[in-house]
Enquirer: 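Dropping the structure in here first, questions after.
Below, all heavy atoms of this structure are taken into account, side chains as well, without hydrogens, waters or symmetry copies. The chains referred to below are lettered A, B, ... by the order of the sequence lines, with proteins before strands, and numbering in each begins at 1.
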2 protein chains.
Amino acid sequence: MNKIEVILVDDHRIMCEGLKSMLSDSHEITVMGCVRNLSELLIKLRILPIHVILLSCYEPGDHDIEMIRIIQREHPQIKILILAMTAQESFILRTLKAGAKGFLSKDADRNELIESILTIRNGYDYYSKSISEIILKRYLNQPGNSSAQRNQPSGVLSDREMEVLKLYAESYTNQEIADKLFVSIRTVESHKNNIMRKINLKTTVDMVKFAIRNNLIEI
Amino acid sequence: MNKIEVILVDDHRIMCEGLKSMLSDSHEITVMGCVRNLSELLIKLRILPIHVILLSCYEPGDHDIEMIRIIQREHPQIKILILAMTAQESFILRTLKAGAKGFLSKDADRNELIESILTIRNGYDYYSKSISEIILKRYLNQPGNSSAQRNQPSGVLSDREMEVLKLYAESYTNQEIADKLFVSIRTVESHKNNIMRKINLKTTVDMVKFAIRNNLIEI
DNA sequence: CCATCTTTGCGTAAATTACTGAATTTCGGC
DNA sequence: GCCGAAATTCAGTAATTTACGCAAAGATGG
């Protein structure tokens, strides 16, 4: 089989060069280049025959998800492998939904990196061990289940609640949120209470921190 | 000259191996090992003749500062080089104050990494270019200056204000903070107002985010 | 000893919270 | 289509907290 042609996407020069130097020892893999952002990547993809994109995500956010979507749309045959420094459940699920074929946690070593590249090149998905657990846990917590856990914090916020939560975390007051959403201030308060009850929080500050932890807002 | 003996401290296997593989090409440097935390490091330092410690900081916090202090106390002759993914001013200054001899930003490349190791080995400090600017800016803003900028947001919080800010960010209410500090709730409110005026913030949420950005609290 | 900063405090108006309750809409499953 | 659960929308009222301007005693450093 021909060597697998990989391109690195990483904003950190040190990391880029480290990965490159690490992968260049492998007989099955050729690193075709290293780019720092989406536009550089798209240019390269037009001229290079790439099989696998290794995408580093340091501070997961909408930006990364959007990037995955665009790459998938333009080059559906290319496999995307995520190398993330954090293993936030919501982020993992979003990358997979957006089209990523594999997800490596920070605890992966050289062998796992190479194995994962080979695996997704062959058409299978690959998740780091710790990641698989998270995904499994998520499925167990899915809606279609017994009907006994009504009042537990299911943690599933509605779209509207998510919207309100984001606005709170962006420093808007109740009144400002009400104005923005064209509803009464009472409604906003209601949403806030429901959010805090669902996620089991006490204060607004905790709510903001929740939003930050889950990358609902930029900080 | 003998080769410089370096040890890597990095919690991320991939990064560790990448750095190692990158540095092992150099003729002047030998990577003596790679550890994941302080206790592993201290064990190694007892048996290996290390010149330089390369310490990766992904999410800067008190933890890193404390680590630097401990290493410096136990092994004052060893030079510590920080490789940080973020260039938060307060963090940079704290690492340097704690005893680090160099600070690399994420934009450093292989050459800069090697050069910085050689530089601090020779007894000089080394800062990435972008870092130097930050440090300079800070010095310009230092107390001992003209006396004209009295009312500007100097951004220098008093110890007490810092304390109050942290407690706010940890979700304590005014009353709880007052109880903790044995002062009236009015005093706490006053501190809060002064903090917000100094840093030029509008809301409590903004204050919390400020605390998070500057790593005043764990999140 | 003077200027400045810190720490402490108050009064009043405004905003938020804590409760409880409830009407309308939406939506998935049978 | 129908049913029930959840989502979305709003309200009343009392208690609490906050915003903001003002002020004064204590610490501190040149």
Enquirer: Applying side-chain hydrogen bond (donor to acceptor under 3.5 Å, both in side chains), can you list everything that pairs with B:Lys44, at least two apart in sequence or on another chain?
Expert: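 side-chain hydrogen bond (donor to acceptor under 3.5 Å, both in side chains) list for B:Lys44, sorted by chain: empty.
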
Enquirer: Starting at atom CD of B:Glu189, determine the distance to atom P of D:dT17, rounded to an integer number of angstrom.
Expert: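 In whole Å, D:dT17 P and B:Glu189 CD are 10 Å from each other.
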
Enquirer: The criterion is salt bridge (Lys or Arg N to Asp or Glu O under 4.0 Å); which residues satisfy it with B:Glu163, sequence neighbours excluded?
Expert: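 By the salt bridge (Lys or Arg N to Asp or Glu O under 4.0 Å) rule, B:Glu163 matches B:Arg160.
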
Enquirer: Rounded to the Å, how far apart are A:Asn194 CG and D:dA6 C1'?
Expert: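 Rounded to the whole Å, the gap is 10 Å.
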
Enquirer: Could you work out which one of C:dT17, D:dC20, D:dT9 sits closest to the side chain of A:Arg160?
Expert: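 So the nucleotide nearest the side chain must be D:dT9.
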
Enquirer: Please test B:Glu189 against B:Lys192 for salt bridge (Lys or Arg N to Asp or Glu O under 4.0 Å), starting from the C-alpha separation and ending with a verdict.
Expert: CA-CA 5 Å; B:Glu189 289 167 6; B:Lys192 182 184 183 184; over 6 Å; no

Enquirer: Respond yes when some side-chain nitrogen or oxygen of B:Ser190 is under 4.0 Å from OP1 or OP2 of D:dC22, and no when none is.
Expert: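 B:Ser190 to D:dC22 OP1/OP2: no side-chain N or O under 4.0 Å.
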
Enquirer: Please determine, for the side chain of A:Glu161, which listed nucleotide (D:dC22, C:dT16, D:dT8) has the closest atom?
Expert: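 Closest nucleotide to the A:Glu161 side chain: D:dT8.
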
Enquirer: Could you check how far CZ of B:Arg197 sits from P of D:dT18, rounded to whole Å?
Expert: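 In whole Å, D:dT18 P and B:Arg197 CZ are 19 Å from each other.
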
Enquirer: Report the distance from atom CG of A:Asn193 to atom C1' of C:dG21, rounded to the nearest whole Å.
Expert: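 Nearest whole value for this atom pair: 13 Å.
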
Enquirer: Could you check whether any side-chain heavy atom of A:Val164 comes within less than 4.5 Å of a side-chain heavy atom of A:Glu161, counting everything from C-beta outward?
Expert: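 Heavy-atom side-chain distance check fails, nothing below 4.5 Å.
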
Enquirer: Between C:dC19 atom P and A:Lys192 atom NZ, what is the distance in whole Å?
Expert: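 After rounding, the gap between these two atoms is 14 Å.
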
Enquirer: Under the rule for side-chain hydrogen bond (donor to acceptor under 3.5 Å, both in side chains), what residues qualify as partners of B:Thr187, not counting sequence neighbours?
Expert: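 Scan of B:Thr187 (side-chain hydrogen bond (donor to acceptor under 3.5 Å, both in side chains), adjacent residues dropped) gives none.
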
Enquirer: Under 3.5 Å, is there a donor on one side chain and an acceptor on the other for B:Asp206 and B:Thr203?
Expert: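 The criterion, which ignores hydrogens and geometry beyond distance, is satisfied for B:Thr203 and B:Asp206.
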
Enquirer: Side chain of A:His191 only, please: which of C:dA18, D:dC20, D:dT8 is the nearest?
Expert: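 Of the options given, the side chain of A:His191 lies nearest D:dT8.
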
Enquirer: Between the opening five pairs and the closing five pairs of the helix from C:dC1-D:dG30 to C:dC30-D:dG1, how far apart are the helix axes, to 10°?
Expert: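 Axis-to-axis angle, ends of the helix: 60°.
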
Enquirer: Give a yes or no answer on whether the side chain of B:Lys79 reaches the backbone of B:Gln77 with a donor-acceptor pair at less than 3.5 Å.
Expert: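 The answer is no, because no donor-acceptor pair under 3.5 Å joins these two groups.
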
Enquirer: So which of B:Thr119, B:Leu113, B:Leu118, B:Ile117 actually passes side-chain contact (heavy atoms from CB on, under 4.5 Å) with B:Glu115?
Expert: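 Testing B:Glu115 for a side-chain contact (heavy atoms from CB on, under 4.5 Å) against B:Thr119, B:Leu113, B:Leu118, B:Ile117 leaves exactly one candidate, B:Thr119.
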
Enquirer: At a heavy-atom distance below 4.0 Å, what parts of residues 169-187 of chain A sit against DNA chain D?
Expert: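 Heavy-atom cutoff 4.0 Å gives A:Val183, A:Ser184, A:Arg186, A:Thr187.
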
Enquirer: With sequence neighbours excluded, tell me which residues meet side-chain hydrogen bond (donor to acceptor under 3.5 Å, both in side chains) with A:Ser56.
Expert: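 A:Ser56 satisfies side-chain hydrogen bond (donor to acceptor under 3.5 Å, both in side chains) with A:Asp10 once adjacent residues are dropped.
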
